[in-house]
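Take a look at the structure set out below.
Values in this document were obtained by computation on a predicted structure and should not be read as measured data. So that the names make sense, note that chain A is the first sequence line, chain B the second, and so on, each numbered from 1.
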There are 2 protein chains.
Amino acid sequence: MAYRKTGKVVAQLEANRTRILDAARALVFAGGFQAASMAAVAAKAGVATGTLYRYFASREALLLDVFRAISDVEMSRLEDIAAGPGLPAARLRDVVHGFASRAVRGARQAYSLLAEPLDGALAEERLAYRRRHAAIFERLIREAQAAGEVAAMDAHVTAAAIAGAIPSALTLHGPDNVPDADALSAAVLRMAGLDPHTDTSSSLEELSHDQSA
Amino acid sequence: MAYRKTGKVVAQLEANRTRILDAARALVFAGGFQAASMAAVAAKAGVATGTLYRYFASREALLLDVFRAISDVEMSRLEDIAAGPGLPAARLRDVVHGFASRAVRGARQAYSLLAEPLDGALAEERLAYRRRHAAIFERLIREAQAAGEVAAMDAHVTAAAIAGAIPSALTLHGPDNVPDADALSAAVLRMAGLDPHTDTSSSLEELSHDQSA
DNA sequence: CCAAACCCTGAACCATGGTTCATTTCATAA
DNA sequence: TTATGAAATGAACCATGGTTCAGGGTTTGG
(Lines give C-alpha, C1' and ligand atoms only; values in the text may rest on other atoms or scores of the structure.)
Protein backbone atom coordinates (compact mmCIF):
# COMPACT_ATOMS: atom_id res chain seq x y z
CA MET A 1 0.00 0.00 0.00
CA ALA A 2 1.44 3.28 -1.00
CA TYR A 3 -1.12 5.99 -0.78
CA ARG A 4 -4.32 6.63 1.07
CA LYS A 5 -6.26 9.83 1.41
CA THR A 6 -5.77 11.08 4.89
CA GLY A 7 -8.39 13.04 6.76
CA LYS A 8 -6.65 16.31 6.30
CA VAL A 9 -6.54 15.90 2.55
CA VAL A 10 -10.18 14.97 2.33
CA ALA A 11 -11.04 18.06 4.28
CA GLN A 12 -8.89 20.13 1.98
CA LEU A 13 -10.60 18.73 -1.06
CA GLU A 14 -14.01 19.46 0.35
CA ALA A 15 -12.91 22.93 1.23
CA ASN A 16 -11.74 23.48 -2.32
CA ARG A 17 -15.00 22.29 -3.72
CA THR A 18 -16.86 24.62 -1.46
CA ARG A 19 -14.59 27.49 -2.33
CA ILE A 20 -15.24 26.93 -6.02
CA LEU A 21 -18.97 26.72 -5.52
CA ASP A 22 -18.95 29.85 -3.41
CA ALA A 23 -16.95 31.72 -6.01
CA ALA A 24 -19.35 30.67 -8.72
CA ARG A 25 -22.33 31.61 -6.60
CA ALA A 26 -20.88 35.03 -5.93
CA LEU A 27 -20.31 35.63 -9.61
CA VAL A 28 -23.81 34.50 -10.47
CA PHE A 29 -25.21 36.76 -7.85
CA ALA A 30 -23.25 39.72 -9.14
CA GLY A 31 -23.68 39.24 -12.85
CA GLY A 32 -25.80 36.22 -13.60
CA PHE A 33 -24.76 32.83 -14.93
CA GLN A 34 -23.41 34.53 -17.98
CA ALA A 35 -20.75 36.19 -15.85
CA ALA A 36 -19.62 32.89 -14.35
CA SER A 37 -17.07 31.89 -16.96
CA MET A 38 -14.68 29.16 -15.98
CA ALA A 39 -11.82 31.65 -16.02
CA ALA A 40 -13.68 34.02 -13.73
CA VAL A 41 -14.69 31.28 -11.33
CA ALA A 42 -11.15 29.96 -11.15
CA ALA A 43 -9.73 33.40 -10.55
CA LYS A 44 -12.25 34.18 -7.83
CA ALA A 45 -11.71 30.82 -6.15
CA GLY A 46 -7.95 31.21 -6.34
CA VAL A 47 -7.30 28.07 -8.37
CA ALA A 48 -6.33 27.28 -11.93
CA THR A 49 -9.00 26.65 -14.51
CA GLY A 50 -7.92 23.06 -14.89
CA THR A 51 -8.59 22.48 -11.22
CA LEU A 52 -12.27 23.18 -11.72
CA TYR A 53 -12.49 20.03 -13.78
CA ARG A 54 -11.26 17.94 -10.90
CA TYR A 55 -14.38 18.90 -9.00
CA PHE A 56 -16.94 19.35 -11.72
CA ALA A 57 -17.34 17.52 -14.99
CA SER A 58 -18.11 20.66 -16.95
CA ARG A 59 -19.16 24.23 -16.65
CA GLU A 60 -22.73 23.11 -17.04
CA ALA A 61 -22.43 20.70 -14.16
CA LEU A 62 -20.90 23.37 -11.97
CA LEU A 63 -23.57 25.92 -12.73
CA LEU A 64 -26.25 23.32 -12.26
CA ASP A 65 -25.01 22.80 -8.73
CA VAL A 66 -25.05 26.54 -8.19
CA PHE A 67 -28.58 26.79 -9.54
CA ARG A 68 -29.74 24.02 -7.25
CA ALA A 69 -28.03 25.48 -4.24
CA ILE A 70 -29.76 28.79 -4.76
CA SER A 71 -33.12 27.53 -5.86
CA ASP A 72 -33.40 24.94 -3.13
CA VAL A 73 -33.23 27.64 -0.52
CA GLU A 74 -36.00 29.55 -2.20
CA MET A 75 -38.04 26.48 -2.84
CA SER A 76 -38.02 25.14 0.66
CA ARG A 77 -39.15 28.49 2.00
CA LEU A 78 -42.25 28.33 -0.13
CA GLU A 79 -42.82 24.71 0.70
CA ASP A 80 -42.63 25.48 4.38
CA ILE A 81 -45.29 28.11 4.06
CA ALA A 82 -47.44 25.90 1.89
CA ALA A 83 -47.24 23.04 4.37
CA GLY A 84 -47.85 25.28 7.34
CA PRO A 85 -50.99 25.73 9.39
CA GLY A 86 -53.99 27.77 8.38
CA LEU A 87 -56.67 27.55 5.78
CA PRO A 88 -55.60 26.70 2.21
CA ALA A 89 -56.59 30.11 0.89
CA ALA A 90 -54.57 31.85 3.56
CA ARG A 91 -51.56 29.70 2.82
CA LEU A 92 -51.90 30.40 -0.85
CA ARG A 93 -51.91 34.08 -0.07
CA ASP A 94 -48.83 33.71 2.04
CA VAL A 95 -46.96 31.65 -0.51
CA VAL A 96 -47.67 34.04 -3.33
CA HIS A 97 -46.87 37.04 -1.23
CA GLY A 98 -43.71 35.40 0.00
CA PHE A 99 -42.63 34.58 -3.50
CA ALA A 100 -43.38 38.05 -4.78
CA SER A 101 -41.76 39.97 -1.98
CA ARG A 102 -38.71 37.74 -2.02
CA ALA A 103 -38.32 38.15 -5.74
CA VAL A 104 -38.79 41.89 -5.53
CA ARG A 105 -36.23 42.15 -2.79
CA GLY A 106 -33.56 40.01 -4.41
CA ALA A 107 -34.36 41.20 -7.90
CA ARG A 108 -30.89 40.54 -9.17
CA GLN A 109 -30.83 36.97 -8.03
CA ALA A 110 -34.42 36.45 -9.09
CA TYR A 111 -33.44 37.56 -12.56
CA SER A 112 -30.81 34.86 -12.82
CA LEU A 113 -33.11 32.19 -11.50
CA LEU A 114 -36.17 33.19 -13.45
CA ALA A 115 -35.40 35.30 -16.48
CA GLU A 116 -31.77 35.25 -17.59
CA PRO A 117 -31.34 33.51 -20.94
CA LEU A 118 -30.12 29.99 -20.28
CA ASP A 119 -29.34 27.05 -22.50
CA GLY A 120 -29.26 23.31 -22.22
CA ALA A 121 -29.40 21.68 -18.84
CA LEU A 122 -29.72 24.99 -17.05
CA ALA A 123 -32.82 25.84 -19.03
CA GLU A 124 -34.22 22.45 -18.12
CA GLU A 125 -33.47 23.00 -14.48
CA ARG A 126 -35.21 26.35 -14.52
CA LEU A 127 -38.24 24.83 -16.12
CA ALA A 128 -38.35 22.22 -13.39
CA TYR A 129 -37.93 24.95 -10.82
CA ARG A 130 -40.85 26.88 -12.22
CA ARG A 131 -42.94 23.78 -12.43
CA ARG A 132 -42.31 23.14 -8.77
CA HIS A 133 -43.66 26.60 -8.07
CA ALA A 134 -46.70 25.90 -10.15
CA ALA A 135 -47.23 22.57 -8.42
CA ILE A 136 -47.33 24.27 -5.04
CA PHE A 137 -49.84 26.82 -6.24
CA GLU A 138 -51.93 24.18 -7.89
CA ARG A 139 -52.19 22.03 -4.82
CA LEU A 140 -53.23 24.95 -2.65
CA ILE A 141 -55.80 26.05 -5.18
CA ARG A 142 -57.28 22.58 -5.22
CA GLU A 143 -57.37 22.45 -1.46
CA ALA A 144 -59.01 25.83 -1.33
CA GLN A 145 -61.54 24.72 -3.89
CA ALA A 146 -62.29 21.56 -1.93
CA ALA A 147 -62.80 23.68 1.15
CA GLY A 148 -65.11 25.96 -0.78
CA GLU A 149 -62.85 28.95 -0.20
CA VAL A 150 -62.52 29.88 -3.86
CA ALA A 151 -64.68 29.51 -6.92
CA ALA A 152 -64.28 26.81 -9.55
CA MET A 153 -61.43 27.30 -11.98
CA ASP A 154 -58.81 25.39 -13.91
CA ALA A 155 -56.28 24.96 -11.13
CA HIS A 156 -53.53 23.72 -13.39
CA VAL A 157 -53.64 26.61 -15.80
CA THR A 158 -54.18 29.18 -13.11
CA ALA A 159 -51.20 27.91 -11.20
CA ALA A 160 -49.01 28.13 -14.26
CA ALA A 161 -50.21 31.64 -14.91
CA ILE A 162 -49.38 32.67 -11.36
CA ALA A 163 -45.95 31.13 -11.61
CA GLY A 164 -45.24 33.18 -14.69
CA ALA A 165 -46.89 36.43 -13.79
CA ILE A 166 -44.54 37.23 -10.95
CA PRO A 167 -41.22 36.81 -12.76
CA SER A 168 -42.37 38.63 -15.80
CA ALA A 169 -43.86 41.55 -13.95
CA LEU A 170 -40.44 41.80 -12.41
CA THR A 171 -38.48 41.80 -15.62
CA LEU A 172 -40.84 44.05 -17.52
CA HIS A 173 -40.21 46.82 -15.07
CA GLY A 174 -36.47 46.69 -15.44
CA PRO A 175 -33.87 46.26 -12.74
CA ASP A 176 -34.10 49.78 -11.31
CA ASN A 177 -37.84 50.17 -11.39
CA VAL A 178 -38.95 47.19 -9.34
CA PRO A 179 -42.69 46.84 -8.79
CA ASP A 180 -44.34 46.96 -5.40
CA ALA A 181 -44.54 43.50 -3.87
CA ASP A 182 -47.95 44.06 -2.35
CA ALA A 183 -49.50 45.30 -5.55
CA LEU A 184 -47.90 42.44 -7.42
CA SER A 185 -49.12 39.71 -5.13
CA ALA A 186 -52.53 41.34 -4.99
CA ALA A 187 -52.83 41.24 -8.77
CA VAL A 188 -51.64 37.69 -8.94
CA LEU A 189 -53.91 36.49 -6.16
CA ARG A 190 -56.89 37.87 -7.97
CA MET A 191 -56.24 35.16 -10.55
CA ALA A 192 -57.18 32.63 -7.93
CA GLY A 193 -60.20 34.69 -7.00
CA LEU A 194 -58.69 35.95 -3.77
CA ASP A 195 -58.67 39.44 -2.33
CA PRO A 196 -55.34 40.56 -0.99
CA HIS A 197 -54.80 40.49 2.73
CA THR A 198 -53.97 43.88 4.16
CA ASP A 199 -52.03 42.74 7.20
CA THR A 200 -48.49 41.58 6.55
CA SER A 201 -49.32 38.18 7.75
CA SER A 202 -47.86 36.00 10.44
CA SER A 203 -45.90 33.19 8.96
CA LEU A 204 -44.17 35.42 6.48
CA GLU A 205 -42.32 37.68 8.82
CA GLU A 206 -39.96 35.13 10.20
CA LEU A 207 -39.31 33.60 6.83
CA SER A 208 -38.48 36.57 4.71
CA HIS A 209 -35.97 38.52 6.72
CA ASP A 210 -32.43 37.21 6.42
CA GLN A 211 -30.08 37.10 3.49
CA SER A 212 -31.75 36.82 0.09
CA ALA A 213 -28.49 38.65 -0.53
CA MET B 1 -21.20 57.81 -67.20
CA ALA B 2 -20.54 54.15 -67.09
CA TYR B 3 -22.94 52.46 -64.74
CA ARG B 4 -26.41 53.09 -63.40
CA LYS B 5 -28.71 50.73 -61.58
CA THR B 6 -31.44 49.81 -63.97
CA GLY B 7 -34.93 49.00 -62.85
CA LYS B 8 -34.50 45.32 -63.36
CA VAL B 9 -31.50 45.24 -61.08
CA VAL B 10 -33.21 47.18 -58.36
CA ALA B 11 -36.09 44.77 -58.50
CA GLN B 12 -33.69 41.87 -58.33
CA LEU B 13 -32.02 43.32 -55.29
CA GLU B 14 -35.29 43.79 -53.54
CA ALA B 15 -36.30 40.28 -54.43
CA ASN B 16 -33.07 38.97 -52.96
CA ARG B 17 -33.60 40.85 -49.76
CA THR B 18 -37.07 39.44 -49.51
CA ARG B 19 -35.86 35.97 -50.26
CA ILE B 20 -33.30 36.20 -47.49
CA LEU B 21 -35.84 37.51 -45.02
CA ASP B 22 -38.28 34.80 -45.97
CA ALA B 23 -35.67 32.12 -45.57
CA ALA B 24 -34.75 33.43 -42.16
CA ARG B 25 -38.38 33.67 -41.14
CA ALA B 26 -39.00 30.10 -42.23
CA LEU B 27 -36.04 28.86 -40.22
CA VAL B 28 -37.15 30.81 -37.17
CA PHE B 29 -40.59 29.41 -37.49
CA ALA B 30 -39.30 25.87 -37.75
CA GLY B 31 -36.60 25.93 -35.12
CA GLY B 32 -36.43 29.31 -33.43
CA PHE B 33 -33.86 32.05 -33.82
CA GLN B 34 -31.24 29.64 -32.64
CA ALA B 35 -31.73 27.63 -35.82
CA ALA B 36 -31.27 30.64 -38.06
CA SER B 37 -27.50 30.54 -38.44
CA MET B 38 -26.07 32.59 -41.25
CA ALA B 39 -25.05 29.43 -43.03
CA ALA B 40 -28.53 27.98 -42.79
CA VAL B 41 -30.19 31.20 -43.93
CA ALA B 42 -27.85 31.49 -46.89
CA ALA B 43 -28.44 27.90 -47.89
CA LYS B 44 -32.18 28.23 -47.62
CA ALA B 45 -32.20 31.49 -49.54
CA GLY B 46 -29.95 30.03 -52.21
CA VAL B 47 -27.14 32.55 -51.81
CA ALA B 48 -23.66 32.56 -50.35
CA THR B 49 -23.08 33.58 -46.76
CA GLY B 50 -21.16 36.63 -47.85
CA THR B 51 -24.17 37.86 -49.75
CA LEU B 52 -26.17 38.17 -46.58
CA TYR B 53 -23.87 40.95 -45.53
CA ARG B 54 -24.72 42.98 -48.59
CA TYR B 55 -28.28 43.17 -47.30
CA PHE B 56 -27.88 43.12 -43.56
CA ALA B 57 -25.14 44.54 -41.41
CA SER B 58 -24.99 41.51 -39.16
CA ARG B 59 -26.86 38.45 -38.09
CA GLU B 60 -28.35 40.45 -35.28
CA ALA B 61 -29.67 43.04 -37.69
CA LEU B 62 -31.16 40.36 -39.89
CA LEU B 63 -32.89 38.60 -37.04
CA LEU B 64 -34.10 41.89 -35.68
CA ASP B 65 -35.87 42.48 -38.94
CA VAL B 66 -37.36 39.03 -38.74
CA PHE B 67 -38.49 39.61 -35.20
CA ARG B 68 -40.13 42.86 -36.14
CA ALA B 69 -41.80 41.39 -39.16
CA ILE B 70 -43.38 38.68 -37.09
CA SER B 71 -44.18 40.66 -33.99
CA ASP B 72 -45.67 43.58 -35.88
CA VAL B 73 -48.31 41.31 -37.32
CA GLU B 74 -49.22 40.05 -33.88
CA MET B 75 -49.07 43.45 -32.34
CA SER B 76 -51.33 45.18 -34.78
CA ARG B 77 -53.94 42.50 -34.32
CA LEU B 78 -54.12 43.24 -30.64
CA GLU B 79 -54.06 46.96 -31.22
CA ASP B 80 -56.94 46.68 -33.62
CA ILE B 81 -59.02 44.88 -31.06
CA ALA B 82 -58.03 47.29 -28.33
CA ALA B 83 -58.97 50.29 -30.45
CA GLY B 84 -62.23 48.73 -31.58
CA PRO B 85 -65.76 49.47 -30.45
CA GLY B 86 -67.33 48.23 -27.25
CA LEU B 87 -66.87 48.87 -23.58
CA PRO B 88 -63.31 48.88 -22.24
CA ALA B 89 -63.86 45.74 -20.19
CA ALA B 90 -65.18 43.87 -23.20
CA ARG B 91 -62.23 44.97 -25.30
CA LEU B 92 -59.85 43.91 -22.60
CA ARG B 93 -61.49 40.51 -22.59
CA ASP B 94 -61.16 40.30 -26.33
CA VAL B 95 -57.56 41.39 -26.40
CA VAL B 96 -56.53 38.93 -23.72
CA HIS B 97 -58.47 36.12 -25.26
CA GLY B 98 -57.08 36.95 -28.67
CA PHE B 99 -53.55 36.97 -27.35
CA ALA B 100 -54.02 33.70 -25.51
CA SER B 101 -55.72 31.79 -28.28
CA ARG B 102 -53.28 33.05 -30.85
CA ALA B 103 -50.32 32.06 -28.72
CA VAL B 104 -51.83 28.66 -28.01
CA ARG B 105 -52.46 28.06 -31.66
CA GLY B 106 -49.06 29.11 -32.93
CA ALA B 107 -47.22 27.74 -29.95
CA ARG B 108 -44.03 27.22 -31.83
CA GLN B 109 -43.84 30.77 -33.09
CA ALA B 110 -45.02 32.11 -29.76
CA TYR B 111 -42.13 30.32 -28.14
CA SER B 112 -39.61 32.12 -30.32
CA LEU B 113 -41.21 35.47 -29.79
CA LEU B 114 -41.83 35.13 -26.08
CA ALA B 115 -39.68 32.50 -24.45
CA GLU B 116 -36.68 31.37 -26.47
CA PRO B 117 -33.40 32.44 -24.89
CA LEU B 118 -32.19 35.54 -26.72
CA ASP B 119 -29.22 37.82 -26.27
CA GLY B 120 -28.33 41.37 -27.00
CA ALA B 121 -30.50 43.43 -29.28
CA LEU B 122 -32.98 40.62 -29.75
CA ALA B 123 -33.56 40.40 -26.03
CA GLU B 124 -34.13 44.14 -26.00
CA GLU B 125 -36.59 43.90 -28.81
CA ARG B 126 -38.54 41.22 -27.05
CA LEU B 127 -38.68 43.29 -23.92
CA ALA B 128 -40.07 46.16 -25.94
CA TYR B 129 -42.54 43.79 -27.53
CA ARG B 130 -43.76 42.59 -24.17
CA ARG B 131 -43.95 46.10 -22.87
CA ARG B 132 -46.16 47.01 -25.77
CA HIS B 133 -48.47 44.22 -24.73
CA ALA B 134 -48.49 45.45 -21.19
CA ALA B 135 -49.17 49.00 -22.35
CA ILE B 136 -52.26 47.87 -24.21
CA PHE B 137 -53.55 46.00 -21.20
CA GLU B 138 -52.79 48.88 -18.90
CA ARG B 139 -54.66 51.40 -20.96
CA LEU B 140 -57.73 49.21 -21.17
CA ILE B 141 -57.65 48.55 -17.46
CA ARG B 142 -57.51 52.26 -16.77
CA GLU B 143 -60.37 52.91 -19.12
CA ALA B 144 -62.40 50.17 -17.50
CA GLN B 145 -61.63 51.61 -14.11
CA ALA B 146 -62.67 55.07 -15.20
CA ALA B 147 -65.90 53.61 -16.50
CA GLY B 148 -66.44 51.83 -13.21
CA GLU B 149 -66.40 48.45 -14.88
CA VAL B 150 -63.69 46.98 -12.68
CA ALA B 151 -62.55 47.53 -9.14
CA ALA B 152 -59.55 49.61 -8.14
CA MET B 153 -56.16 48.02 -8.69
CA ASP B 154 -52.62 48.85 -9.69
CA ALA B 155 -53.12 48.90 -13.43
CA HIS B 156 -49.43 49.03 -14.25
CA VAL B 157 -48.50 45.98 -12.24
CA THR B 158 -51.58 44.05 -13.21
CA ALA B 159 -50.91 44.68 -16.87
CA ALA B 160 -47.36 43.44 -16.53
CA ALA B 161 -48.57 40.34 -14.74
CA ILE B 162 -51.06 39.63 -17.50
CA ALA B 163 -48.41 40.09 -20.13
CA GLY B 164 -46.25 37.53 -18.42
CA ALA B 165 -48.81 35.02 -17.32
CA ILE B 166 -49.80 33.98 -20.81
CA PRO B 167 -46.37 33.20 -22.21
CA SER B 168 -45.24 31.38 -19.14
CA ALA B 169 -48.37 29.27 -18.81
CA LEU B 170 -47.58 28.29 -22.35
CA THR B 171 -43.98 27.31 -21.79
CA LEU B 172 -44.59 25.58 -18.49
CA HIS B 173 -46.85 23.10 -20.14
CA GLY B 174 -44.34 22.09 -22.74
CA PRO B 175 -44.73 22.14 -26.50
CA ASP B 176 -46.93 19.04 -26.76
CA ASN B 177 -49.19 19.74 -23.84
CA VAL B 178 -50.54 23.16 -24.70
CA PRO B 179 -53.09 24.63 -22.28
CA ASP B 180 -56.65 25.43 -23.20
CA ALA B 181 -56.94 28.96 -24.48
CA ASP B 182 -60.26 29.61 -22.79
CA ALA B 183 -59.09 28.42 -19.42
CA LEU B 184 -55.93 30.44 -19.81
CA SER B 185 -57.60 33.70 -20.70
CA ALA B 186 -60.19 33.10 -17.99
CA ALA B 187 -57.49 32.78 -15.37
CA VAL B 188 -55.65 35.80 -16.63
CA LEU B 189 -58.74 37.96 -16.86
CA ARG B 190 -59.51 37.23 -13.26
CA MET B 191 -56.42 39.28 -12.47
CA ALA B 192 -58.24 42.31 -13.77
CA GLY B 193 -61.31 41.32 -11.80
CA LEU B 194 -63.22 40.16 -14.84
CA ASP B 195 -65.27 37.04 -15.31
CA PRO B 196 -64.66 35.20 -18.52
CA HIS B 197 -67.16 35.63 -21.29
CA THR B 198 -68.75 32.39 -22.35
CA ASP B 199 -69.57 33.28 -25.95
CA THR B 200 -66.63 33.27 -28.33
CA SER B 201 -67.08 36.89 -29.00
CA SER B 202 -67.62 38.84 -32.17
CA SER B 203 -64.50 40.72 -33.05
CA LEU B 204 -62.28 37.75 -32.41
CA GLU B 205 -63.60 35.36 -34.96
CA GLU B 206 -62.56 37.26 -38.01
CA LEU B 207 -59.19 38.11 -36.61
CA SER B 208 -57.89 34.80 -35.43
CA HIS B 209 -58.47 32.44 -38.28
CA ASP B 210 -55.81 32.70 -40.97
CA GLN B 211 -52.15 31.79 -40.94
CA SER B 212 -50.58 32.27 -37.50
CA ALA B 213 -48.11 29.77 -38.90
C1' DC C 1 14.87 9.65 1.77
C1' DC C 2 12.30 7.30 -1.86
C1' DA C 3 8.77 5.60 -4.88
C1' DA C 4 3.99 5.74 -5.85
C1' DA C 5 -0.26 7.97 -6.24
C1' DC C 6 -2.48 12.09 -6.50
C1' DC C 7 -3.38 16.94 -7.11
C1' DC C 8 -2.63 21.55 -9.23
C1' DT C 9 -1.15 24.47 -12.92
C1' DG C 10 -1.98 27.24 -17.04
C1' DA C 11 -0.83 27.50 -21.65
C1' DA C 12 -2.27 25.17 -25.68
C1' DC C 13 -6.08 23.12 -27.89
C1' DC C 14 -10.40 22.95 -30.14
C1' DA C 15 -15.29 23.74 -31.69
C1' DT C 16 -18.52 26.89 -32.99
C1' DG C 17 -20.27 30.21 -35.84
C1' DG C 18 -20.20 35.06 -37.25
C1' DT C 19 -17.53 38.08 -40.41
C1' DT C 20 -14.31 39.45 -44.04
C1' DC C 21 -12.28 40.01 -48.61
C1' DA C 22 -9.68 38.65 -52.83
C1' DT C 23 -11.61 36.78 -56.71
C1' DT C 24 -15.09 35.87 -60.05
C1' DT C 25 -19.35 36.86 -62.36
C1' DC C 26 -22.61 39.94 -64.18
C1' DA C 27 -24.87 44.28 -65.80
C1' DT C 28 -24.24 48.79 -67.93
C1' DA C 29 -23.10 52.17 -71.37
C1' DA C 30 -20.10 53.74 -74.89
C1' DT D 1 -16.99 44.43 -77.87
C1' DT D 2 -15.05 46.25 -74.09
C1' DA D 3 -14.04 48.97 -70.01
C1' DT D 4 -16.12 49.88 -65.61
C1' DG D 5 -18.39 49.40 -61.49
C1' DA D 6 -21.50 46.59 -58.77
C1' DA D 7 -22.81 42.19 -56.92
C1' DA D 8 -22.04 37.43 -55.54
C1' DT D 9 -19.09 33.93 -54.01
C1' DG D 10 -17.15 30.90 -50.40
C1' DA D 11 -13.02 29.73 -48.32
C1' DA D 12 -10.19 31.82 -44.92
C1' DC D 13 -10.26 34.44 -40.84
C1' DC D 14 -11.08 35.45 -36.16
C1' DA D 15 -13.05 35.85 -31.38
C1' DT D 16 -14.86 33.55 -27.71
C1' DG D 17 -14.69 30.52 -24.13
C1' DG D 18 -14.94 25.71 -22.63
C1' DT D 19 -11.75 21.74 -22.20
C1' DT D 20 -7.45 19.06 -22.09
C1' DC D 21 -2.93 17.46 -20.65
C1' DA D 22 2.15 17.29 -19.97
C1' DG D 23 4.87 19.01 -16.39
C1' DG D 24 5.85 20.20 -11.57
C1' DG D 25 4.72 19.87 -6.84
C1' DT D 26 2.77 17.43 -2.57
C1' DT D 27 1.24 13.78 0.41
C1' DT D 28 1.61 9.01 1.93
C1' DG D 29 3.65 4.64 3.50
C1' DG D 30 7.84 2.23 3.84
Side-chain angles (χ1 to χ4, degrees), chain A residues 1-21 23-24 27-28 31-67 116-123, chain B residues 1-21 23-24 27-28 31-67 116-123:
Chain A
M1 190 191 296
Y3 190 93
R4 180 182 57 87
K5 267 184 209 166
T6 194
K8 199 172 62 171
V9 171
V10 172
Q12 184 56 240
L13 293 185
E14 277 173 16
N16 282 352
R17 191 173 208 281
T18 302
R19 184 131 36 84
I20 292 170
L21 267 177
L27 286 168
V28 168
F33 289 97
Q34 175 226 355
S37 69
M38 294 306 256
V41 172
K44 184 137 208 155
V47 300
T49 59
T51 303
L52 302 181
Y53 290 86
R54 298 194 57 75
Y55 295 89
F56 301 91
S58 66
R59 175 176 128 103
E60 197 169 62
L62 166 56
L63 294 188
L64 220 56
D65 273 12
V66 170
F67 192 107
E116 184 184 352
L118 299 180
D119 281 337
L122 281 178
Chain B
M1 192 193 294
Y3 191 93
R4 181 182 55 87
K5 269 185 206 162
T6 194
K8 199 173 61 172
V9 171
V10 171
Q12 185 56 242
L13 293 184
E14 277 172 17
N16 282 352
R17 190 173 209 280
T18 302
R19 185 134 34 85
I20 293 170
L21 267 176
L27 286 168
V28 168
F33 289 96
Q34 176 226 357
S37 69
M38 293 307 255
V41 171
K44 183 137 209 157
V47 299
T49 59
T51 304
L52 301 181
Y53 290 86
R54 298 195 59 75
Y55 295 89
F56 301 91
S58 66
R59 175 175 128 104
E60 197 169 63
L62 166 57
L63 294 187
L64 221 55
D65 273 12
V66 171
F67 192 106
E116 184 184 351
L118 299 180
D119 280 339
L122 281 178

TODO: Could you list by number each residue of residues 45-58 of chain A showing a heavy-atom separation from DNA chain C of less than 4.0 Å, or answer none if no residue does?
DONE: A:Val47, A:Ala48, A:Thr49, A:Gly50, A:Thr51, A:Arg54, A:Tyr55
Task: Nearest non-hydrogen partners of A:Gln12 and A:Arg19, listed with the distance - done: OE1-NH2, 4.1 Å
Task: side chain to side chain contact (heavy atoms under 4.5 Å, CB included) between A:Val28 and A:Glu116, intermediate numbers included - done: CA-CA 11 Å; A:Val28 168; A:Glu116 184 184 352; 5.6 Å; no
Task: Whole-Å distance separating the CG atom of B:Asp119 from the P atom of C:dG18 - done: 12 Å
Task: Interatomic distance, A:Glu14 CD vs C:dC7 P [rounded to whole Å] - done: 13 Å
Open item on the list: Expressed as a whole number of angstroms, how long is the span from A:Gln12:CD to C:dC6:P?
Closed with: 18 Å
- [ ] Please list all pairs passing the ring pair (Phe, Tyr, Trp, His ring centres under 6.0 Å) test where one or both residues lie in residues 35-66 of chain A, with sequence neighbours left out.
- [x] none
TODO: Output all residues satisfying side-chain contact (heavy atoms from CB on, under 4.5 Å) with A:Ala24, sequence neighbours left out; order by chain, then residue number.
DONE: A:Val41, A:Leu62, A:Val66
Open item on the list: Between B:Glu60 and B:Gly120 (side chain of the first, backbone of the second, donor and acceptor by atom type, cut-off under 3.5 Å), is there such a pair?
Closed with: no
Open item on the list: Whole angstroms only, please: what is the CZ-P distance between A:Arg59 and D:dT20?
Closed with: 15 Å
- [ ] Provide, to the nearest angstrom, the distance between the CD atom belonging to A:Gln34 and the C1' atom belonging to D:dG17.
- [x] 12 Å
Open item on the list: Under 4.0 Å from OP1 or OP2 of D:dA8: is there any side-chain N or O of B:Asn16 that close?
Closed with: yes
Task: Separation of D:dG18 P from A:Phe33 CZ (nearest whole Å) - done: 14 Å
TODO: Taking all non-hydrogen atoms of both residues into account, name the closest pair between B:Leu64 and B:Ala121 and its distance.
DONE: CD1-O, 3.7 Å
- [ ] Could you check how far CG of A:Leu13 sits from C1' of C:dC8, rounded to whole Å?
- [x] 11 Å
Task: B:Arg19 CZ - D:dA8 C1' separation (whole Å) - done: 12 Å
